[in-house]
Amino acid sequence: MFKKILIANRGEIALRVIRACKELGIKTVVVYSEADRLSLPVKFADEAVCIGPPPSSKSYLYIPAIISAAQVTNVDAIHPGYGFLAENATFAEICELSGFVFIGPKPDSISKMGNKSVAKDTMRRAGVPVIPGSDGVVHSLEEALSIAEEIGYPLIIKASAGGGGRGMRVVKDREELIRSFGIAKAEAGSFFGSPDVYIEKLLGKSRHIEFQVLGDKFGNVIHLNERECSLQRRHQKLIEEAPSPIVTPELRNKMGEAAIKGAKAVDYIGPGTIEFLVDEDLNFYFMEMNTRIQVEHPVTEESLSIDLIKEQIRVAAGEKLSLEIQEPKFHAIECRIIAEDPYNDFRPSPGKITSLHFPGGHGVRVDSHIYQEYIIPPYYDSLLAKLITWGTTRNEAIAKMKRALEEFVIEGVPSTIPFHLKMMENPDFLAGNIDTKYLERVNWKEV
Ligand code: MV4
């Protein structure tokens, strides 16, 4: 097992990894920017190394400073968390070339899944259902028109180097395709550095349901069930839960098997996520694979009573998987508490937390790096806390979430707490009737 790990991240996930390391008896080094000098990860890690000024490009994304910090503190491995360098294949490669274990998948798995058209192609070959569309990259308008002839309109043009909802363009008819194909390629080129695009049929009302997978260095891959992530706003998830209210044990088996096949196709190591779009007839299609631990991993943890970060560290150290495939034990829900004003179109609102009280009690977990008097830096994402509740039924998890949100006090900055309180009484949410466009369609204040 590793003796010392460097955490190349900040905020709640840095703290989450420090906690797992402490329980495993591993020493921790955290790197931090000048803006995070007074942060809890810096306080709780065994060692802390300042790696640069506040902008991410000069600190959390600056590979030479991170590798230097790993060298001077003599760590065995580097944990990237999520965001920043977590899905940067070059960083993973540099870690290994510098003699540090990258706690994540192989660089080649990251690259394959990072190119969304290569990812889709890899999944199709592995027998995972994919959305009907082009076979890989579409190079010319003529090619685009002939594919459109086959699959029909409306369709969607996606940038190969995009992902997470970036670089997508919906096309209603032939005229619009003629007008926008060249623009889509030009945009892809200037936003993502590659003009490659591919085409898919546009799916109607659908859900975002993702499968947690986990692989070890011996080629074993399991799945740890699904997370329902349909409640999103502008591609930012706000509420996640496990299990999904619409997934039956039969569908779970079918999707889980597909997820395992997909992960095995790229020799996947560690925790990863296969995202599916699920239509109203419960057909499911591969969307993207995230080759990192995700923000919403705690709902899987609390639904199964497991520790995914500890398992991630163990498999990175070369241990065999210690978990097995199993049905959910509990229903878990996560609300993302963000420093955004839900009454003002979710406007980001950094500032100083003047008063703070965390909820607690049975079936309640708060993953957070904030404290009273903490100043939220404007340079990074504005996630303040993840509030997770669980119970033996969905209704019990919701009842706990409601009372936990009522106990939660954050003063000084607006937060998404009022939004979540309203959702916990929203009849559509209570019925589990949420799709990815729900918050575009309805006004959350009025339901
Ligand atoms: C789609 C789609 C409909 N049809 N592809 C958005 C994120 C990226 N991973 C893929 N996305 C979508 N791809 C086809 N062929 C609808 C979306 C989509 C979406 C997906 C998941 C969660 C939220 C979403 C919000 C808008 C659009």
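For ligands, and for the atoms within them, numbers begin at 1 and follow the listed sequence. Only heavy atoms go into these numbers, but all of them, side chains included; no hydrogens, no water, no symmetry mates.
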What protein heavy atom sits nearest [atom], and how far away is it?
atom	result
atom 7 (C) of ligand 1	Gly165 N, 3.3 Å
atom 15 (N) of ligand 1	Lys201 O, 2.7 Å
atom 23 (C) of ligand 1	Gln232 OE1, 3.2 Å
atom 4 (N) of ligand 1	Leu203 N, 2.9 Å
atom 2 (C) of ligand 1	Leu277 CD1, 3.6 Å
atom 11 (N) of ligand 1	Met168 SD, 3.6 Å

| message | The test is side-chain hydrogen bond (donor to acceptor under 3.5 Å, both in side chains); show your working for Glu275 and Asn290 and say whether it passes. | response | CA-CA 8 Å; Glu275 298 180 348; Asn290 302 314; 2.9 Å; yes

Could you check whether any side-chain heavy atom of [X] comes within less than 4.5 Å of a side-chain heavy atom of [Y], counting everything from C-beta outward?
X	Y	result
Lys310	Arg19	no
Tyr438	Ser230	no
Thr416	Arg336	no
Leu214	Gln312	no

Considering the heavy atoms of [X], write down every atom of ligand 1 situated less than 4.0 Å from one of them.
X	result
Ile156	14 (C), 15 (N)
Glu200	5 (N), 14 (C), 15 (N)
His208	21 (C), 22 (C)

| query | So, are Lys386 and Glu296 salt-bridged, with charged N and O less than 4.0 Å apart? | reply |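 No, no charged N to carboxylate O under 4.0 Å.
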
Measure from [atom] to every heavy atom in [options] and give the option owning the shortest one.
atom	options	answer
atom 13 (N) of ligand 1	Lys158, Met287, Lys116	Lys158
atom 22 (C) of ligand 1	Thr436, Ile157, Val278	Thr436
atom 6 (C) of ligand 1	Glu288, Lys237, Glu440, His235	His235

| field | Residues His139, Lys185; criterion side-chain hydrogen bond (donor to acceptor under 3.5 Å, both in side chains); working and verdict | value | CA-CA 9 Å; His139 296 281; Lys185 275 177 73 69; 5.1 Å; no

| Within 45° cone and under 6.0 Å: Arg394 NZ/CZ vs Phe429 ring | yes

| N/O to N/O below 3.5 Å, does that happen between Leu202 and ligand 1? |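 No.
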
| query | According to the interplanar angle, ranging from 0 to 90°, do the rings of Phe284 and Phe276 count as parallel (below 30°), tilted (30 to 60°) or perpendicular (above 60°)? | reply |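 Rings of Phe284 and Phe276: perpendicular, over 60°.
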
